[in-house]
Engineer: 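This is the structure, below, for whatever I ask next.
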Amino acid sequence: MLVNLKTVLSLAETGGYAIPAFNVYNMETVMGAVKAAEELRAPVILQVYPRLMNEEAGYYLSPVILAAAKKATVPVCFHLDHGPSELETTRAIRCGATGIMLDGSTLPFEENIALTRRVVDTCSYLDIQVEGELGHIGSTSDKEQDEFTTPEDAKTFIEKTGVACLAVAVGTAHGRYKKPPKLDIERIKAIRRATDGAPLVLHGGSGVPDEEIKKGVAAGVRKMNFATDICYAFLDSCQEELQRPDRAIAIDNFMKRPIEAVKEFCMTRIKLVAADGKV
Ligand code: 13P
């Protein structure tokens with residue numbers, strides 16, 4: 001069933017686990033992620049980058065996600081990932097998103113607050129909740145991550161914006177890590193304490209050691225993002241398929257194993273964040 005961000009976050013908060021948020025790119029990755037969630041009875045977030053809601057991909061991918069979510073036997077939230085401005089967040093709402101991320105993390109603090117607050121206000125009329133970002137979570141190809149979210153700023157940001165959850169900079173980055181990252185668990189705990197237990201979001205989940213993710217969830221991470229590793233699961237399987245002498249040529253048949261590979265990967269992450277068996 002299609003649900004909003006608040007619904008899945010409150011399930012996670014009550015149960016003390018994290019909702020896996022899988023970035024999807026095409027029909028096959030949507031199918032793999034939803035099959036995994038259904039098989040393991042887990043609530044799940046399917047999220048897309050803004051570029052996938054623009055022009056052609058926007059016409060095709062959003063209806064696929066909505067159809068899959070509505071048909072699913074578990075709660076599925078359709079979320080915009082890293083919306084940079086009101087143009088993208090409005091477009092996402094028109095595409096049917098039930099959760100919105102406004103990423104103003106590269107803006108000065110007060111501007112991030114003002115922009116995020118405006119989006120929270122607009123979304124509130126539609127019963128859609130917003131994820132904010134404070135402390136820029138960069139890419140693994142950046143020189144070094146030197147920006148970390150402070151508990152004091154997180155408290156002020158949440159109070160002034162009314163976000164439903166907050167993406168924090170605590171040692172992760174997007175992409176493939178050169179060396180496995182170590183999370184600043186004490187910082188996660190301190191942010192939770194300062195914000196009266198606000199649901200926290202960890203970006204850059206691909207390649208973070210399992211033990212670190214478990215500690216992060218125990219400390220208060222309630223939404224855990226995975227994107228890069230979904231791409232690899234899908235593409236590696238496509239490549240393997242192409243090597244098989246008896247491979248299918250009909251594309252729907254060819255895609256069966258790559259869909260299965262995405263499903264298998266998503267199942268490992270659902271179990272890791274302890275979202276399995278929750279619905
Ligand atoms: P990865 O691509 O590193 O898994 O990050 C996913 C993410 O945080 C999407 O916003």
Side-chain angles (χ1 to χ4, degrees), residues 5 8-9 12 18-26 29-30 32-33 36 44-54 57 61 65 77-85 88-89 92 97 99-106 116 130-142 144-145 147-149 163-184 188 199-210 212-214 216-217 221-236 261-262 264-270 272-273 275:
L5 185 60
V8 284
L9 288 175
I19 304 294
F22 298 123
N23 283 71
V24 290
Y25 302 82
N26 57 5
T29 46
V30 171
V44 72
I45 294 171
L46 301 181
Q47 57 187 20
V48 296
Y49 291 123
R51 67 172 191 270
L52 288 163
M53 283 184 176
N54 195 6
L61 186 56
I65 295 170
C77 169
F78 171 23
H79 191 64
L80 171 70
D81 194 20
H82 293 290
S85 78
E88 288 80 7
T89 58
I100 294 288
M101 178 184 190
L102 185 283
D103 177 1
S105 63
T106 54
T116 307
V130 177
E131 170 185 347
E133 178 168 324
L134 183 64
H136 181 61
I137 305 158
S139 148
T140 50
S141 51
D142 294 348
E144 207 172 280
Q145 191 180 359
E147 211 180 309
F148 290 87
T149 311
V163 289
C165 58
L166 183 66
V168 287
V170 291
T172 56
H174 299 91
R176 281 229 149 154
Y177 296 97
K178 290 178 198 82
K179 64 176 198 267
K182 220 172 137 33
L183 303 184
D184 190 341
I188 297 174
L200 303 182
V201 184
L202 207 56
H203 283 243
S206 301
V208 179
D210 288 3
E212 294 288 302
I213 291 183
K214 279 188 196 163
V217 173
V221 169
R222 294 291 172 254
K223 173 175 179 279
M224 184 71 230
N225 288 5
F226 301 99
T228 303
D229 277 348
I230 293 193
C231 299
Y232 279 103
F234 178 75
L235 293 174
D236 288 352
V262 172
E264 293 298 326
F265 169 73
C266 291
M267 285 174 75
T268 67
R269 301 302 90 180
I270 288 170
L272 180 61
V273 299

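Every number for a ligand or one of its atoms is a count from 1 in the order of the listing.
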Engineer: Have a look at ligand 1 and work out which part of Asp81, if any, has a heavy atom under 4.0 Å from it: side chain, backbone, both or neither.
Structural biologist: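 Only the side chain of Asp81 comes within reach of ligand 1.
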Engineer: Indicate whether any N or O donor in one side chain lies under 3.5 Å from an N or O acceptor in the other, for His82 and Glu131.
Structural biologist: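 Not at all, the side chains of His82 and Glu131 share no donor-acceptor pair under 3.5 Å.
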Engineer: Tell me, which protein residue and heavy-atom name are nearest atom 8 (O) of ligand 1, and how many Å apart are they?
Structural biologist: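 Looking only at protein heavy atoms, the one closest to atom 8 (O) of ligand 1 is Gly204 N, 2.8 Å.
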Engineer: Would you confirm whether Glu133, through its side chain, and Ser105, through its main-chain N or O, come within 3.5 Å as a donor-acceptor pair?
Structural biologist: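 Checking the backbone N and O of Ser105 against the side chain of Glu133, no donor-acceptor pair under 3.5 Å is found.
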Engineer: Consider only side-chain N and O atoms of Asn225 and Asn23, and report whether a donor and an acceptor are under 3.5 Å apart.
Structural biologist: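 No, Asn23 and Asn225 have no side-chain donor paired with an acceptor closer than 3.5 Å.
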Engineer: Could you check atom 7 (C) of ligand 1 against the protein and tell me its nearest heavy-atom contact, residue, atom and distance included?
Structural biologist: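 Minimum-distance protein heavy atom for atom 7 (C) of ligand 1 reads His174 CD2, 3.3 Å.
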Engineer: Just how far is it from atom CZ of Phe265 to atom OG of Ser206, taken to the nearest 0.5 Å?
Structural biologist: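 Those atoms lie 5.5 Å apart.
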Engineer: Any idea which part of Ala173 is under 4.0 Å from ligand 1, heavy-atom wise: side chain, backbone, both or neither?
Structural biologist: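 Backbone only.
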Engineer: To which protein heavy atom is atom 3 (O) of ligand 1 closest, and what is the distance rounded to 0.1 Å?
Structural biologist: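 Sorting protein heavy atoms by distance from atom 3 (O) of ligand 1 puts Gly175 N, 3.0 Å first.
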Engineer: Look at atom 4 (O) of ligand 1 and say which protein heavy atom is nearest, naming residue and atom and giving the distance to 0.1 Å.
Structural biologist: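 Residue, atom and distance for the closest contact: Ser206 OG, 2.5 Å.
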Engineer: In terms of residue, atom name and distance, what is the protein heavy atom nearest to atom 2 (O) of ligand 1?
Structural biologist: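 So the nearest neighbour among protein heavy atoms is Thr228 OG1, 2.5 Å.
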Engineer: Side chains of Leu5 and Ile45, heavy atoms from C-beta outward: is any pair under 4.5 Å?
Structural biologist: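 A side-chain contact under 4.5 Å exists here.
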Engineer: For ligand 1, which atoms, with element, lie under 4.0 Å from some heavy atom of His82?
Structural biologist: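 Near His82, meaning under 4.0 Å from one of its heavy atoms, ligand 1 has 10 (O).
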Engineer: Taking non-hydrogen atoms only, is Asn23 closer than 4.0 angstrom to ligand 1 via side chain, backbone, both or neither?
Structural biologist: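 Side chain only.
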Engineer: Heavy-atom distances under 4.0 Å are what count here, so tell me which part of Tyr49 touches ligand 1: side chain, backbone, both or neither.
Structural biologist: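 The answer is the side chain of Tyr49.
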Engineer: Between Asp229 and Arg269, does any side-chain N to carboxylate O distance fall below 4.0 Å?
Structural biologist: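 So Asp229 does not pair with Arg269 through a salt bridge.
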Engineer: What atoms of ligand 1 come closer than 4.0 angstrom to any heavy atom of Phe226?
Structural biologist: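 Checking each atom against Phe226, I get 4 (O).
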Engineer: Identify, by atom number and element, the atoms of ligand 1 in contact range of His203, meaning under 4.0 Å from any of its heavy atoms.
Structural biologist: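 In order of number, 8 (O), 10 (O).
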Engineer: Say you draw a straight line from CD1 of Ile137 to OG1 of Thr149; how long is it, rounded to the nearest 0.5 Å?
Structural biologist: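 Interatomic distance, Ile137 CD1 to Thr149 OG1, rounded to 0.5 Å: 6.5 Å.
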Engineer: Could you grab the distance from atom CD of Glu147 to atom CG of Asp142, nearest 0.5 Å is fine?
Structural biologist: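 Between Glu147 CD and Asp142 CG, I get 10.5 Å after rounding to 0.5 Å.
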